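Okay, structure first, notes after.
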Amino acid sequence: MDKMDEELKCPVCGSLFKDPIILPCSHNVCLACARNIIVQTPEGETPPHSRASGNSDYDYLDMDKMSMYSETDSGYGSYTPCLKSPNGVRVFPPAMVHRHCSITCPLCHRSVSLDERGLRGFPRNRLLEAIVSRYQQNRSVAVKCQLCDRNPVEATVMCEQCDVFYCTPCQQRCHPSRGPLAKHRLVPPTQVAGASQQHPAATARKLATCADHDVENYSMYCVNCKIPVCFQCVEEGKHGKHDVKPLGAMWKQHKCQLSQALSGVSDKAKDAKEFLVQLKNMLQQIQENGVEFEACLVAQCDALIDALTRQKAKLLTKVTKEREYKLKVVRDQITHCTMKLRQTTGMMEYCLEVIKENDPSGFLQISDALIKRVQSSQDQWVKGALEAKVGPEFDLTLNTDPLLQAIHQLDFIQAKDFQETPLLKQKHAGGQRVTESAGAEGLAVPPAPLLQLEKCCTRNNSATLAWRVTAGTSVPIEAYVLELDDGNGGQYREVYVGQETVCTVDGLHFNSSYNARVKAYNSVGVGPYSKTVVLKTSDVAWFTFDPASAHRDIVLSNENQTVSCNSYDDRVVLGTAAFSKGVHYWELCVDRYDNHPDPAFGVARINTMKDMMLGKDDKAWAMYVDNNRSWFMHNNSHTNRAEGGITKGSSVGILLDLNKHTLTFFINKQQHGPVAFENLEGVFMPAVSLNRNVQVTLLTGLEVPKNIQQP
């Protein structure tokens, strides 16, 4: 049952559920936690929306929001009369309520207003309470320290947040009560065991009574409202004209639906386990094949003459990059698949425990939401999700025989024929010693290709080059080699080898000048270089959103410049440009902003997670903002809260300065907060995360703002 832990923990306090209640969005929170996250605003004002911060502090408990709580709300006031419901929830008489009360779900951020019944209006999740009790009882059988290396001794404490049992030495060494761990609650193991043994007795099975008619038991199910009702609700209440069916029949029907849905997910989980085994085996195969390929490559390159030493190093680098790329892709796929499998397995175990329960009304309270969750979980395992993105084989082949033969022939001609054949002469071209024929064309290397300047051009950060052979030549050509420098006057590198005479090179730096040249070779040797052409890339970046890398819930329009989303959850979309040097600035105009969501704007690596808010993993740097304030976030760490938010018509600017390695944000042309991130290295892509309540349009090719605050 360990995989089910996350299903049984409150999203607010992080501990196992205690007296859980069901929110209208079908998520659960502890009753005590629900009291803590109630927000009051004066009548007529919109209640503030909370957000999930990803850490134990939770942004919706910030001091600015705590200031809106009255002493009466907290339950400590003594001068205001109040009523008390049978389950202990304090309910204020309608005449005493002067403020609008609402509660926001910490998982989906959906807010709901409280009526005069207060928290008593939310049903109690009796099934979840029973499962938690049984879970605690099963865990309390043998309480030993979980961190002792040998001969575990009896545990003395248990951390409710870490869910780990410690003996006294291990607790002092691994879990000291200071720093971030000071907020964790340590309890005796006997208290956990005692609670698990006493709780079932205190919640003995009894027929559930109607929330509106205390003396009536639930006996029917309202199909329209999807809740259990009693006989009096049908005869006198609002359910009189609704479609009402027997409780037992609907209980069996929904159990059957949930069981059928679980069957499909179970098959996917089995396939995922087998797939994980294949991926882990593939890691070893890739490692072994990479080492073997490197050894073969070194042996082949060592057989070549000294002139090929630098080429050997280049080839080794390519193999290493290929191996690292494959290993990284497989590791990322293992991590992603493991996370999904754990979530799916935990949900399955939880659903199976729910099916075991014999409380029809309690089951029907949560069955619809569980069925939708199971069906949604099955949709996650789409076609291709259980297929490896890379294979263990290396699609690289080094055939040295023709090259060695050509080198030996060239040396033989240079050593012998130069002296015996006056038709051959030597010359140096571009620092490279080559052989040129004055009549014996069959023994000559190719002449220098001619660059067609009228066809050479740049677009954004791409360059297209075209060339042709010298007119009248009949020297055979096996292939051409196109070389570019690094855009900063550095060494040349090969970017294309082949028989085509037109080549487009993508991914160049913006606002850079590249030198390009081309040469040809055949079995005799390598010919001279062509003349050098200089190509300048665009000063500023022009790009759109990339549909190929976007999450499937993302909706693009306006020639991929406008983005929205079909999901209530945050989804990520990247831009088509990739930056590794220079200064770049772009903006996003907020076309639609409903219900105070918190979209995130920034930059990311190409392999960042697409199904969560931007900045929650270590591959994205972002600012998420609502209508009142903003935070910077990277690797789920929230910093630099700043007042001021966005609304419809606002613009959010992103300044990526890779000369200074910084990232800065702007709202409505004004710098928002300090420099957000420093020491940025590598390749970054523009990125946005949003849900269905937001639509933004991308504006590129903009000038860099002036008067920027320095870090």
Side-chain angles (χ1 to χ4, degrees), residues 51 460-461 510-511 538-545 556-564 570 572-577 579 581-594 596-604 613-615 620-634 638-678 680 684-691 693-711:
R51 63 183 49 78
N460 217 8
N461 64 332
F510 289 93
N511 194 24
S538 175
D539 293 338
V540 295
W542 298 86
F543 58 91
T544 63
F545 290 117
L556 297 177
S557 58
N558 188 24
E559 297 181 346
N560 295 335
Q561 293 179 333
T562 300
V563 60
S564 57
D570 292 306
V572 173
V573 60
L574 303 178
T576 55
F579 306 120
K581 62 177 288 189
V583 182
H584 310 281
Y585 179 75
W586 63 95
E587 291 183 350
L588 294 115
C589 181
V590 181
D591 304 328
R592 178 167 53 81
Y593 187 78
D594 303 327
H596 309 297
D598 42 9
F601 309 89
V603 297
M613 179 183 287
L614 191 69
W621 296 256
M623 174 186 73
Y624 68 93
V625 56
D626 62 9
N627 61 317
N628 291 322
R629 57 190 68 86
S630 67
W631 286 262
F632 301 148
M633 181 164 63
H634 168 64
H638 308 250
T639 59
N640 294 94
R641 167 179 158 168
E643 296 300 324
I646 60 174
T647 184
K648 180 179 179 182
S650 298
S651 65
V652 178
I654 298 94
L655 175 61
L656 177 63
D657 188 342
L658 292 175
N659 295 336
K660 299 179 180 178
H661 309 286
T662 60
L663 182 65
T664 309
F665 294 97
F666 296 78
I667 293 182
N668 297 329
K669 308 295 185 181
Q670 299 296 320
Q671 183 172 341
H672 193 70
V675 173
F677 301 101
E678 300 177 347
L680 297 180
F684 302 91
M685 306 183 73
V688 177
S689 70
L690 42 72
N691 62 16
N693 293 314
V694 187
Q695 175 178 300
V696 298
T697 296
L698 177 65
L699 303 175
T700 60
L702 305 178
E703 294 185 359
V704 177
K706 307 297 182 182
N707 301 324
I708 302 172
Q709 301 176 12
Q710 298 301 321

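Everything numeric in this text was worked out from a predicted model, so none of it was measured.
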Leu663 and Phe684: CA distance, side-chain angles, deciding distance, side-chain contact (heavy atoms from CB on, under 4.5 Å) verdict
CA-CA 11 Å; Leu663 182 65; Phe684 302 91; over 6 Å; no
Point-to-point distance, once rounded to the nearest 0.5 Å, from [atom1] of [X] to [atom2] of [Y]:
X	Y	atom1	atom2	answer
Asn640	Trp631	CG	CH2	12.0 Å
Leu699	Trp542	CG	CH2	10.0 Å
Leu690	Leu588	CG	CG	9.0 Å
Asp598	Asp570	CG	CG	6.0 Å
Ser564	Arg592	OG	CZ	6.0 Å
Cys589	Lys648	SG	NZ	10.0 Å

[X] (side chain) donor-acceptor with [Y] (main chain) under 3.5 angstrom:
X	Y	answer
Gln671	Gly673	yes
His634	Ala620	yes
Asp626	His596	no
Tyr624	Ser689	no

Might you point out which heavy atoms bring [X] and [Y] nearest each other, and give the distance in Å?
X	Y	result
Thr700	Ala541	CB-O, 3.5 Å
Pro599	Ile646	CG-CD1, 3.9 Å
Val694	Pro597	CG2-CG, 3.2 Å
Trp586	Gly602	CZ2-O, 4.0 Å
Val675	Glu678	CG1-CG, 4.2 Å
Thr662	Leu680	C-CD1, 4.0 Å

So do the side chains of Phe543 and Asn461 get within less than 4.5 Å of each other, counting heavy atoms only?
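Phe543 vs Asn461: side chains apart.
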Is there a side-chain contact between Met623 and Phe632 (heavy atoms, below 4.5 Å)?
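Contact flag for Met623/Phe632 side chains = yes.
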Leu656, Val603, Ile654, Leu614 screened by side-chain contact (heavy atoms from CB on, under 4.5 Å) with Trp621, the one that passes:
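Looking at Leu656, Val603, Ile654, Leu614, the match for Trp621 under the side-chain contact (heavy atoms from CB on, under 4.5 Å) is Val603.
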For Asn627 and Thr647, run side-chain contact (heavy atoms from CB on, under 4.5 Å): C-alpha distance rounded to whole Å, both residues' side-chain angles, the deciding distance at 0.1 Å, then the answer.
CA-CA 6 Å; Asn627 61 317; Thr647 184; 5.9 Å; no
Is the ring centre of Phe601 less than 6.0 Å from the ring centre of Phe665?
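Judged by ring-centre distance (under 6.0 Å), Phe601 and Phe665 do not meet the cut-off.
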Would you please test Asp657 and Tyr585 for side-chain contact (heavy atoms from CB on, under 4.5 Å) and show each step?
CA-CA 8 Å; Asp657 188 342; Tyr585 179 75; over 6 Å; no
Restricting to side chain to side chain donor-acceptor pair (under 3.5 Å), what partner residues turn up for Asp591, sequence neighbours left out?
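With neighbours one apart ignored, the set is Thr697.
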Stepwise side-chain contact (heavy atoms from CB on, under 4.5 Å) test for Val704 and Leu655:
CA-CA 7 Å; Val704 177; Leu655 175 61; 3.7 Å; yes
List the residues meeting side-chain contact (heavy atoms from CB on, under 4.5 Å) with Ser651, not counting sequence neighbours, and say none if there are none.
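Checked Ser651 against side-chain contact (heavy atoms from CB on, under 4.5 Å); matches are Glu587, Asn668.
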